[in-house]
Structures are given as structure tokens and as C-alpha cells.
Amino acid sequence: MRLFDTLSRTERDLRPIDGSTYRFYCCGPTVYGPAHIGNFRTFVLQDVFRRTLETGGFRTLHVRNITDVDDKTIRDSQKAGKSLTEFTAGWTAKFHADCEKLGLLPPHIEPGAVEHIPQQIAMIEKLVEKGNAYASEDGSVYFKISSFPGYGRLSRLDQRELDIGKTQNARSNSDEYEKDSLSDFVLWKSRRPDDGDNFWQSPWGEGRPGWHLECSAMIQEYLGNSFDLHSGGIDLVFPHHENEIAQSECACGGHFAEHWFHITHLLVDGGKMSKSLGNLYTLDDLALKGHTAMEVRYVLIGAHYRKQLNFTLDSLTGAREALAKLAKGARHLAANADPDARLTSADFGPFQAAWDSLANDLNTPCALGGLFTGLRDASALTGVEAAAALAGFNRVLRALGLTLPEEAVHDSSAIPESIQAIAEARWQARLAKNWAESDTLRARLAEEGWLVKDGKESYSLEPLPAA
RNA sequence: GGCGGAGUAGCCAAGUGGUAAGGCAAUGGUUUGCAAAACCGUCAUUCGAGGGUUCGAUUCCCUCCUCCGCCUCCA
């Protein structure tokens with residue numbers, strides 16, 4: 001499989017460093033509220049990435065952290081009148097529930113920052129020892145950017161730009177901590193009154209860890225000094241990932257991540273998503289509008305991960321139809337397939353192009369297109385050939401993490417008797433060619449939320465989709 | 001100001017130096033009492049604008065226009 005690498009700016013073949021298991025780290029959510037669809041674009045694409053690796057025959061080790069201590073979690077837990085632990089546990093559970101709905105495979109390891117404070121302190125001590133970090137008078141510790149010549153390589157910042165950043169910081173005077181250079185970033189934050197009970201003992205006094213360091217420490221704990229790939233939203237390139245590289249390479253020596261995988265932000269209705277515009281959707285918001293998580297997933301993989309994706313409510317409706325079409329095609333193929341076929345080859349048949357798209361820089365929209373054209377090309381197949389095609393279809397579908405809607409089978413006993421009575425009366429009127437009466441009753445059924453489908457010999461009822 | 005990305009049908013969205021995937025919507029037909037559902041079709045001489053290179057450019061180069069992201073502990 002080939003994937004674009006942010007650092008080298010080239011597509012590269014993925015090969016596990018250890019020759020067997022592809023080990024990667026994803027920056028996870030900060031659990032202070034429900035994740036929105038923008039967050040989920042990143043997590044869904046990371047999931048497709050992992051599934052594609054696994055479909056391609058790799059073993060994987062997927063680590064994704066939970067950021068459960070930072071300014072926002074502390075602030076909002078206090079607002080909610082809860083302990084930090086209780087507060088973040090609630091939102092972590094919500095995150096997991098949403099992930100499950102979206103069909104995300106749980107990471108193999110999901111470490112939380114609070115549980116890894118000792119590892120973080122140890123890493124900071126090492127950085128101080130090596131001269132890459134220094135403590136300020138108030139007991140905070142900063143990373144000394146000038147001690148790491150590679151700083152800025154990932155995000156292509158040169159020294160001049162860093163200097164501009166310094167002057168901007170100086171002008172806004174937004175940082176209340178003391179540091180030598182305005183570009184230096186914090187590793188350990190000394191305790192402040194508004195931290196409440198949320199502080200830990202360290203060699204520099206009471207305080208809490210900085211965000212950037214959290215990931216570096218947990219990566220070292222679970223993946224060692226070098227690992228295969230690091231991923232996150234595009235906004236993390238600078239400063240988060242840039243800082244991680246600096247911390248980790250200075251503390252651990254050598255090479256940090258082999259490959260960098262960043263997912264571009266999505267837009268909503270052509271613009272930035274924001275609370276004030278009212279277009280910041282969570283899964284629950286969309287469920288209230290009648291959209292399933294799988295429809296959301298379909299939309300999120302509908303654009304290439306390195307391009308902005310324009311999310312609209314209309315596209316969710318389109319996704320519903322598209323998923324139904326895929327399900328129909330799959331059922332058609334299954335009906336023609338020999339159920340006892342013993343498949344020996346693991347190729348993709350008519351879905352080879354779909355798979356190739358995925359394996360080539362994770363081109364999910366192209367892979368989706370390949371599913372539709374593959375179904376069209378396979379529609380005339382029967383027996384063993386249909387069974388083989390279906391297997392190929394399902395492999396691509398699994399790599400995309402899509403679950404298709406079941407054929408709507410409505411239990412007639414679940415239909416209220418009053419509705420059945422109307423429907424029966426309508427059928428009789430129809431048999432009597434009393435069209436006016438028949439149409440009136442059909443309209444009444446629609447008002448009650450039921451759609452009647454006429455057949456040759458009989459009819460069936462279905463609930464109308466929620467408006 | 002610096003860095004980066006994007007402009008492809010009504011909408012979402014691939015793609016390529018050789019003549020525009022796919023989905024939604026729309027629309028024609030079959031079917032239907034009429035619809036719905038289902039099935040079969042149709043649907044960009046054209047890829048933001050203008051130049052240039054080329055036998056040939058949507059794809060490469062230049063200029064311009066528009067949009068978006070990052071440069072603040074936002075995925």
C-alpha cells in the first residue's frame with residue numbers, strides 16, 4: 001500500500017519497521033464534550049487506513065490516546081461541578097459509543113494522559129538533563145527550541161517565520177508563563193489557582209503536564225523510540241506534531257515516526273464549521289434529523305483525505321440512497337452466487353479497481369466508484385463466479401468499514417390494527433375499481449406515516465421515512 | 001505578511017499529456033387505474049478566467065480572479 005507522507009511530501013510504500021506488524025499512533029480526542037463530524041472525519045479515515053492495511057495482509061498495532069487533562073477539560077469539569085476523572089470518563093464513554101456507531105475498530109491500546117504522568121515526568125527530566133529543556137522560576141518547564149536544529153521541518157517553518165511568531169506572541173502577550181524564547185513551548189505547567197485539585201507532584205513542584213508531551217510519552221511507552229506512522233488532523237502538524245518530534249527525538253535519540261499521515265479538515269456548506277454558525281454537527285444532532293451514523297461515515301469517506309470535504313445535509317440523504325443501492329447490488333449478487341462455492345483465490349475480481357484505489361494513497365471516493373461499477377459488471381455473473389465477486393465486494397466493503405442496510409422486512413404483526421384495517425379497506429376499494437375511495441385511503445395511510453406498496457396479488461405496508 | 005490547499009454538471013466528487021469514474025438529484029421508458037416501489041435508459045465537446053508550451057492540456061508553465069485552512073494547547 002502507498003500513502004502520502006507529510007514530512008517527505010511524497011507517496012511512499014508502507015513497510016513495517018519490524019517486518020511483521022505495522023505500528024501506528026493516532027492523536028485522539030480531548031474529552032470535554034461530544035466529538036463532531038469534523039473530528040470523526042479524521043478518526044474514520046484512520047480507521048479506513050487500518051482496515052486497508054489489514055485487508056492487505058498486514059498485522060497492525062493501533063494506539064490512540066485520550067486527552068483527559070488540559071485547560072478545557074479542567075475548566076469544563078469545574079463548570080459541571082464534577083471531578084476531572086468523572087467528567088472525562090463520561091465524555092470518553094460517549095466518544096466510544098459514537099465510534100461504535102460509526103463502525104470504528106477500537107484501537108489495540110488507548111492510553112489516557114492522567115494515567116501516564118510518571119512517564120511524562122521522566123521524559124521531561126531527561127530533556128532537562130540533556131539541556132533541551134529548562135525550568136522557569138514559577139516551576140514550569142519549557143522545551144528549548146534552539147536546542148533542536150530540526151525544528152520546523154515537518155511544517156516547513158524556517159527560523160525567520162519562527163521569529164515572526166515570536167513577535168506576534170510578544171505583541172499579544174498572551175502567555176502568562178515565563179520562558180526564555182517566546183517560541184519555546186511548555187512541557188510542564190506549574191500549578192495555578194484555577195487548576196483546582198488537578199495537580200501532580202513533580203521535581204519542579206506541583207503542576208500538570210503540557211499537551212504536546214503527553215503523546216510523546218505514551219508513544220515511547222507503547223511503541224518505543226521509533227515506530228511506523230503517526231496520524232492526526234491537519235491542524236496538528238504545527239505546533240503539536242512539530243513539538244512531539246522535537247521532544248521525542250531529543251529525549252529518545254534517533255528517528256521518531258517513519259511516516260506522517262494527516263487528514264484535511266472538512267467544511268460545512270462551503271465554510272468553516274463553527275458553533276456560532278450553527279453548523280457544528282455531532283452524531284446526535286444528525287440522528288435527530290433522521291440520519292444514521294453509517295450515512296455519516298459514507299459521506300466522510302466520499303472525498304479524498306487530503307482534500308477539503310464539503311459536508312452538507314443533502315449529501316447525507318444522497319448517502320442513504322447510495323448505501324441502499326450498494327445493498328441491493330450485493331443482494332442481487334448473493335442471490336446468483338453458489339452458496340457452496342469453495343473459493344481458493346483471494347483476488348478481488350470485478351472489484352480489483354476499487355481495491356487498487358484504496359491501496360493507492362487511500363483513494364476512498366474512487367474506491368466507492370469502483371464498488372458501483374464492479375456491481376454493474378458483476379450483475380450477470382452466476383454460481384462460483386458470482387460467489388467470488390461477492391467475496392471481493394465484501395473485502396473492499398470491510399476495508400471501507402461500511403455496513404449495508406438490511407433489506408427492509410416489516411413484521412406485519414407490528415403494524416397497528418387500525419392501519420391494517422385502512423389498508424385492507426383500500427385494497428378492497430381498489431379491487432372494486434373505486435379509485436377515488438382507494439386514493440383517499442392511501443392519503444390517510446400516508447398521514448398516519450405508512451407507505452403502501454401495491455403488488456399484483458397483494459400489497460405491503462412500510463413506515464414512511466422520518467421527514 | 002508567511003506557509004499550504006482548492007476551483008470539474010443543479011449538488012457531492014474521482015481522474016489523466018491523448019480526448020471527462022462514481023453517487024445524489026433530474027429526466028425518458030417499462031410497469032401501474034393513477035402513483036409509489038422495481039427494472040432499463042438519458043444526463044459535462046467540457047474541467048474558474050486569459051495567455052503560453054505541445055501534433056494534442058482539464059492535466060505542464062505564466063498572469064489574474066475567487067474560496068478555504070494553518071501560523072493561538074481546535075481532528
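A, B, ... follow the sequence lines: proteins, then strands. Residue 1 opens every chain.
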Establish, from distance only, whether the side-chain atoms of A:H291 and A:Y281 form a donor-acceptor pair under 3.5 Å. no

Whole Å only: how far is the CH2 atom of A:W435 from the P atom of B:A35?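 For the pair A:W435 CH2 and B:A35 P, the rounded distance is 13 Å.
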
Measure from CG on A:D356 to P on B:G15 and round the result to the nearest Å.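 In whole Å, B:G15 P and A:D356 CG are 14 Å from each other.
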
Starting from the 5' end of RNA chain B, give me the residue, A:G302 or A:D70, whose nearest nucleotide shows up first.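 It is A:G302, whose closest nucleotide lies nearer the 5' terminus.
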
Between A:A303 and A:S438, who's closer to the 5' end of RNA chain B by nearest nucleotide?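 Final value for this comparison: A:A303.
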
Taking the six-membered ring for Trp, are A:F185 and A:F143 parallel (under 30°), tilted (30 to 60°) or perpendicular (over 60°)?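 Parallel: the ring planes of A:F185 and A:F143 meet at under 30°.
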
Residue list, salt bridge (Lys or Arg N to Asp or Glu O under 4.0 Å) with [X], at least two apart or on another chain:
X: A:K72; answer: A:D70
X: A:R395; answer: none
X: A:K433; answer: none
X: A:R2; answer: A:E11, A:D13

Using the benzene-type ring in the case of Trp, are the ring centres of [X] and [Y] under 6.0 Å apart?
X: A:H116; Y: A:Y222; result: yes
X: A:F256; Y: A:F227; result: yes
X: A:F24; Y: A:F49; result: yes

Reading RNA chain B 5' to 3', what string of ( ), [ ], | and . shows its pairs, if Watson-Crick and G-U wobble pairs count only when both distances fall under 3.5 Å? (((((((..(((.....[...))).(((((.......))))).....(((((..]....))))))))))))....

Is there a side-chain contact between A:S155 and the phosphate of B:C3, meaning an N or O under 4.0 Å from OP1 or OP2?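 A:S155 to B:C3 OP1/OP2: no side-chain N or O under 4.0 Å.
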
OP1, OP2 of B:A38 versus side-chain N and O of A:K453: anything below 4.0 Å?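 For B:A38, OP1/OP2 do not have a side-chain N/O of A:K453 under 4.0 Å.
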
Run the side-chain donor-acceptor check on residues 92-99 of chain A: report pairs under 3.5 Å with partners two or more places apart or on a different chain.
residue: A:T92; atom: OG1; partner: A:T88; partner atom: O; Å: 2.6
residue: A:K94; atom: NZ; partner: A:D98; partner atom: OD1; Å: 3.0
residue: A:K94; atom: NZ; partner: A:D284; partner atom: OD1; Å: 3.1
residue: A:K94; atom: NZ; partner: A:D284; partner atom: OD2; Å: 2.8
residue: A:H96; atom: NE2; partner: A:E110; partner atom: OE1; Å: 2.5
residue: A:H96; atom: NE2; partner: A:E110; partner atom: OE2; Å: 3.2

Under 4.0 angstrom, heavy atoms only, what part of the nucleic acid is A:L236 near: base, sugar-phosphate, or nothing? sugar-phosphate

Which nucleotide in [options] has an atom nearest any side-chain atom of [X]:
X: A:R430; options: B:C70, B:A36, B:C34; value: B:C34
X: A:N363; options: B:G33, B:A14, B:A37; value: B:A14
X: A:R376; options: B:G22, B:A75, B:A14; value: B:G22

Distances under 3.5 Å only, N/O to N/O: pair up the protein atoms with those of nucleotides 5-8 of chain B.
residue: B:G7; atom: OP1; partner: A:K307; partner atom: NZ; Å: 3.4

Checking only heavy atoms, does the side chain of [X] share a donor-acceptor pair with the base of [N] at less than 3.5 Å?
X: A:D439; N: B:G33; answer: yes
X: A:D454; N: B:A36; answer: no
X: A:R442; N: B:A36; answer: no
X: A:R156; N: B:C71; answer: no

Once side-chain contact (heavy atoms from CB on, under 4.5 Å) is applied, do any residues pair with [X], and if so which ones, sequence neighbours excluded?
X: A:R442; value: A:R426, A:D439, A:V452
X: A:K453; value: A:L451, A:S460, A:E462
X: A:C366; value: A:S357, A:N363

With 3.5 Å as the limit, what N/O pairs link the protein to nucleotides 57-61 of chain B?
none

Under the 5.5 Å and 30° test, is A:H265 stacked on the base of B:A75?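 The base of B:A75 is stacked with A:H265 (centres under 5.5 Å, planes under 30°).
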
Identify whether the distance between the nearest side-chain nitrogen and carboxylate oxygen of A:D285 and A:K289 falls below 4.0 Å.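 Here A:D285 does not pair with A:K289 in a salt bridge, since their nearest N and O are not under 4.0 Å apart.
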
Starting at CD of A:E424, measure out to CG of A:L441 and round the result to the nearest 0.5 Å.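 If we round to the nearest 0.5 Å, A:E424:CD and A:L441:CG are 11.0 Å apart.
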
Using a cut-off of under 3.5 Å, enumerate the N/O to N/O pairs linking the protein to nucleotides 23-31 of chain B.
residue: B:G23; atom: OP1; partner: A:K325; partner atom: NZ; Å: 3.0

